[in-house]
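Sequence positions, counted from 1, serve as the residue numbers for this chain. From a predicted model like this one, the values you see are computed outputs, not experimental measurements.
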Amino acid sequence: MSRDYVLQPFQSEVHLSIDYARELNPQQCAAVTAPPGPALVIAGAGSGKTRTLTYRVAYLLEQGIPPDRILLLTFTNKAAAEMMRRVTDLLGQELASLWGGTFHSIGNRILRQHAKLIGFGRDFTIMDREDAKHLIGTCVAEAEIDVKATRFPKPEVLGDIFSLALNKQKSVAEILGTEYGYFDTLAPQIEDISKRYVARKLASNAMDFDDLLVLWLKLLQEHADVRELYQRRFQFILVDEYQDTNKLQSDLIDLLGARTKNVMVVGDDAQSIYAWRGANFQNILKFPDRYPGSKTYKIETNYRSTPEILTVANAAIASNVAQFAKELAPSRKSGMKPVLVACQDAAQQAAFVAQRALQLRDEGIALNNMAVLYRSHFHALELQLELTRRNIPFSITSGMRFFEQAHIKDVTAYLKLITNPRDELAFKRLVLLLPGVGGKGAEKLFKEFQREVQSPKSKAQSPLASALQGCSKAVPKKAALAWAQFATTISQLEAPDIRISAAKMIPLVIEAGYDDYLKENFANYRTRIDDLKQLAIFAQQFATVDEFLTQMALLTNVEAEDDQQPANRDDEKIRLSTIHQAKGLEFDVVFSIMLCDGLFPSARSSETDEGLEEERRLFYVTVTRAKNELYLCYPLIRAGYGNSGATMQQPSRFLDEIPKEHLDEWNLRTYG
């Protein structure tokens with residue numbers, strides 16, 4: 001009979017240079033000084049998560065753990081660098097040998113050492129999105145797929161499908177079934193392209209961004225000696241923002257930590273808001289199940305917000321069933337109650353935000369310390385218009401500017417061409433969307449079109465459509481069918497009762513084939529369609545198409561000027577941002593707008609319990625961005641899409657979940 005006898009390493013008494021009990025609150029200190037073993041640290045919003053991780057690294061080093069035995073995984077290189085800088089400041093020593101960085105950067109580092117084992121050279125190339133798109137396009141051509149006959153997705157969309165499948169650790173067919181139902185029938189061909197793409201990358205000694213994780217995991221799974229090397233090397237693994245990890249990342253962590261089980265993950269389940277890009281909420285929720293005997297530490301003291309805002313935050317998340325129960329506790333003095341503002345419509349909502357922001361500025365709060373947060377891009381259209389009218393400077397951090405997005409510019413190009421047939425840019429933008437038309441072809445077609453427009457052979461009811469038909473001989477064969485559809489669409493837009501209204505023209509463009517174009521060309525097809533529908537609703541407030549296009553141009557130019565400002569300028573600007581983009585930030589004053597059911601929570605997300613709970617977490621993130629003042633706004637009436645008239649709006653169900661005594665209701669009235 002044999003049995004294990006554990007040798008405990010001899011260690012002389014440790015003399016700590018940091019007084020952890022004095023520099024941390026009791027909850028932080030408990031997590032920082034946790035004994036070896038698996039640990040889940042639930043760090044509530046504004047509770048000092050980064051501070052906790054930083055001191056944990058310092059504590060391990062003071063316990064005698066060599067820096068190269070610690071692995072710190074983050075989601076940005078900036079976060080890793082900041083933590084290591086803080087540890088260096090705490091201990092007064094450099095940490096060059098500590099393994100810290102993003103999942104992808106650590107994957108790259110390990111793969112460079114062992115690339116030959118998986119068929120690659122150490123000098124493999126890392127492809128960017130453009131490189132990957134071209135290689136996938138080569139695979140499609142090689143497979144001899146008639147992309148027009150089958151309305152096959154473009155290489156960029158295929159790349160997004162493959163990426164989502166890898167990060168969720170699902171098959172391409174599964175992803176098509178759940179996320180891209182309109183391509184479901186093409187599953188065999190798309191899976192074939194996926195296999196060809198993998199083979200092409202190997203033959204080219206090239207990896208895309210996802211391969212840095214996929215092949216890292218493959219390396220560890222298939223090569224026991226390499227797996228054991230890194231399991232022994234990384235005695236302690238620390239993971240930041242664990243609620244944002246996907247299945248692939250959690251599998252890597254579990255495999256690396258399988259030997260010592262010294263895995264500490266830090267995050268906040270209540271701020272898990274990235275399911276749409278593959279994050280798996282179950283990773284943090286099921287951590288105690290995957291690591292039996294793990295300890296959970298909760299850090300609940302909030303240093304950011306007033307007690308009144310935290311009361312609303314706690315109420316906002318309380319209805320979620322799938323969560324670790326927590327109660328954010330205030331460390332700050334009392335302030336004003338969050339304000340609930342019912343507005344007549346989106347225009348009045350915009351007027352309220354603009355006026356209140358100016359009042360607060362007069363009271364001494366800089367515009368830079370204010371933010372307007374919203375669920376989706378299009379929720380801020382009326383607000384952008386109002387701020388521009390009042391000459392209130394603003395910046396937008398919602399990814400690409402709304403009016404500069406390709407689908408917005410494509411659809412408005414139709415309107416521009418109808419109102420100004422000599423608009424060369426609008427004409428060329430539209431014909432370049434057609435198959436087989438390149439730069440030279442577009443130039444040739446524009447000249448032909450101008451001749452036809454200026455010398456009409458008949459006084460047709462649809463002069464532009466007639467001119468397009470007159471150009472048909474100059475159209476490439478590949479584009480003949482699409483050109484005929486283009487001419488038909490222009491004819492419909494030229495109808496007297498349509499051309500007078502941008503709100504009528506936009507839905508017609510969508511229904512005339514642009515909808516299919518979006519499916520083929522963009523992975524976020526549904527989001528873009530929503531944008532265009534809301535653009536049509538936004539257009540209803542303008543008496544003429546010219547007025548609509550003029551305001552669009554003014555807003556676009558404001559955005560363009562903002563982009564050109566030197567980075568070091570300190571001009572005051574109120575921040576406009578989607579909530580996803582604002583995660584991790586904080587502001588003295590937050591305005592949350594468009595809090596209507598169907599908008600926030602979004603109609604699509606509300607169809608499942610999981611989707612609704614993620615939307616509620618998104619609302620919680622909104623509330624917890626505010627330090628001193630919070631304004632929750634919603635319009636009572638919203639214009640309808642297409643022929644549907646204005647509709648009454650139901651306040652967001654999330655507002656109903658907050659006890660009324662926690663909010664101060666403001667009733668808006670017009671002066672005079």
Side-chain angles (χ1 to χ4, degrees), residues 4-41 43 48-74 77 79-103 105-106 109-110 113 220 225-240 242 252-267 287 291-297 299:
D4 293 337
Y5 178 77
V6 180
L7 279 174
Q8 300 291 343
F10 170 75
Q11 191 171 324
S12 56
E13 187 179 350
V14 176
H15 297 284
L16 301 177
S17 64
I18 299 171
D19 186 344
Y20 293 92
R22 184 174 65 83
E23 297 196 23
L24 302 165
N25 70 38
Q27 290 182 327
Q28 291 172 335
C29 191
V32 164
T33 60
L40 170 63
V41 180
K49 170 180 67 68
T50 301
R51 184 177 180 82
T52 301
L53 262 176
T54 300
Y55 275 81
R56 175 63 173 176
V57 173
Y59 181 77
L60 291 175
L61 293 170
E62 288 211 282
Q63 295 297 313
I65 306 300
D68 65 347
R69 299 300 190 202
I70 299 172
L71 174 62
L72 172 62
L73 290 166
T74 64
N77 284 312
E82 172 65 13
M83 284 185 211
M84 288 194 273
R85 184 191 65 74
R86 289 197 196 182
V87 176
T88 299
D89 291 345
L90 280 174
L91 298 177
Q93 66 183 67
E94 290 298 325
L95 298 171
S97 60
L98 190 148
W99 285 61
T102 64
F103 282 87
S105 66
I106 299 297
R109 185 173 171 182
I110 290 174
Q113 296 296 318
L220 297 178
D225 54 336
V226 178
R227 180 171 66 247
E228 188 167 345
L229 168 68
Y230 289 103
Q231 286 177 341
R232 286 180 179 276
R233 168 169 289 168
F234 299 133
Q235 293 179 9
F236 287 86
I237 299 172
L238 305 173
V239 187
D240 189 22
Y242 187 68
L252 276 165
I253 296 162
D254 291 350
L255 197 53
L256 287 169
R259 184 179 181 84
T260 66
K261 296 287 195 283
N262 291 334
V263 176
M264 175 177 280
V265 299
V266 182
F287 183 88
Y291 288 84
S294 66
K295 293 187 177 180
T296 299
Y297 300 88
I299 305 175

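To the nearest 0.5 Å, the span separating OH on Tyr297 from OG1 on Thr52 amounts to 12.5 Å. Here Ile70 contributes atom CD1 and Gln235 contributes atom CD; the two are 8.5 Å apart, rounded to the nearest 0.5 Å. Distance CD1/Ile106 to CZ/Phe234: 6.5 Å, rounded to 0.5 Å. Here the CD atom belonging to Glu82 is positioned 7.5 Å from the OG1 atom belonging to Thr54, to the nearest 0.5 angstrom. Here Leu73 contributes atom CG and Phe103 contributes atom CZ; the two are 4.5 Å apart, rounded to the nearest 0.5 Å. To the nearest 0.5 Å, the span separating CG on Leu24 from CZ on Arg22 amounts to 10.0 Å.
Closest approach of Leu61 and Pro66 over heavy atoms only: CD2-C, 4.4 Å. Smallest separation of non-hydrogen atoms from Pro35 and Arg56: O-NH2, 4.2 Å. Minimum heavy-atom separation, Leu255 to Gln231: O-NE2, 2.7 Å. Counting all heavy atoms, side chain and backbone alike, Ala58 lies closest to Ile18 at CB-CD1, 4.0 Å. The two residues Ala31 and Val41 come nearest to each other via the heavy atoms CB-CG2, 4.0 Å. Minimum heavy-atom separation, Leu220 to Arg227: O-NH1, 2.7 Å.
Partners of Phe287 according to the ring pair (Phe, Tyr, Trp, His ring centres under 6.0 Å) rule, which considers only residues two or more places apart in sequence or in another chain, are Tyr242, Tyr291. In this structure Asp254 satisfies the salt bridge (charged side-chain N to carboxylate O under 4.0 Å, His left out) test together with Arg290, sequence neighbours excluded.
Taking 4.5 Å as the limit, some side-chain heavy atom of Lys49 sits within range of a side-chain heavy atom of Asp240.
Contacts classified as side chain to side chain donor-acceptor pair (under 3.5 Å) and involving residues 255-267 (residues at least two apart or in different chains) are not found.
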**Request:** Could you go through the side chain to side chain contact (heavy atoms under 4.5 Å, CB included) check for Gln63 and Phe236 one step at a time?
**Result:** CA-CA 12 Å; Gln63 295 297 313; Phe236 287 86; over 6 Å; no
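Tyr20 places no side-chain N or O within 3.5 Å of a backbone atom of Val32 that could act as its donor or acceptor partner.
A donor and an acceptor atom, one from each side chain of Tyr55 and Glu23, are located under 3.5 Å apart.
Leu98 pairs in a side chain to side chain contact (heavy atoms under 4.5 Å, CB included) with only one of the listed residues (Asp68, Thr88, Leu60, Val57), which is Val57.
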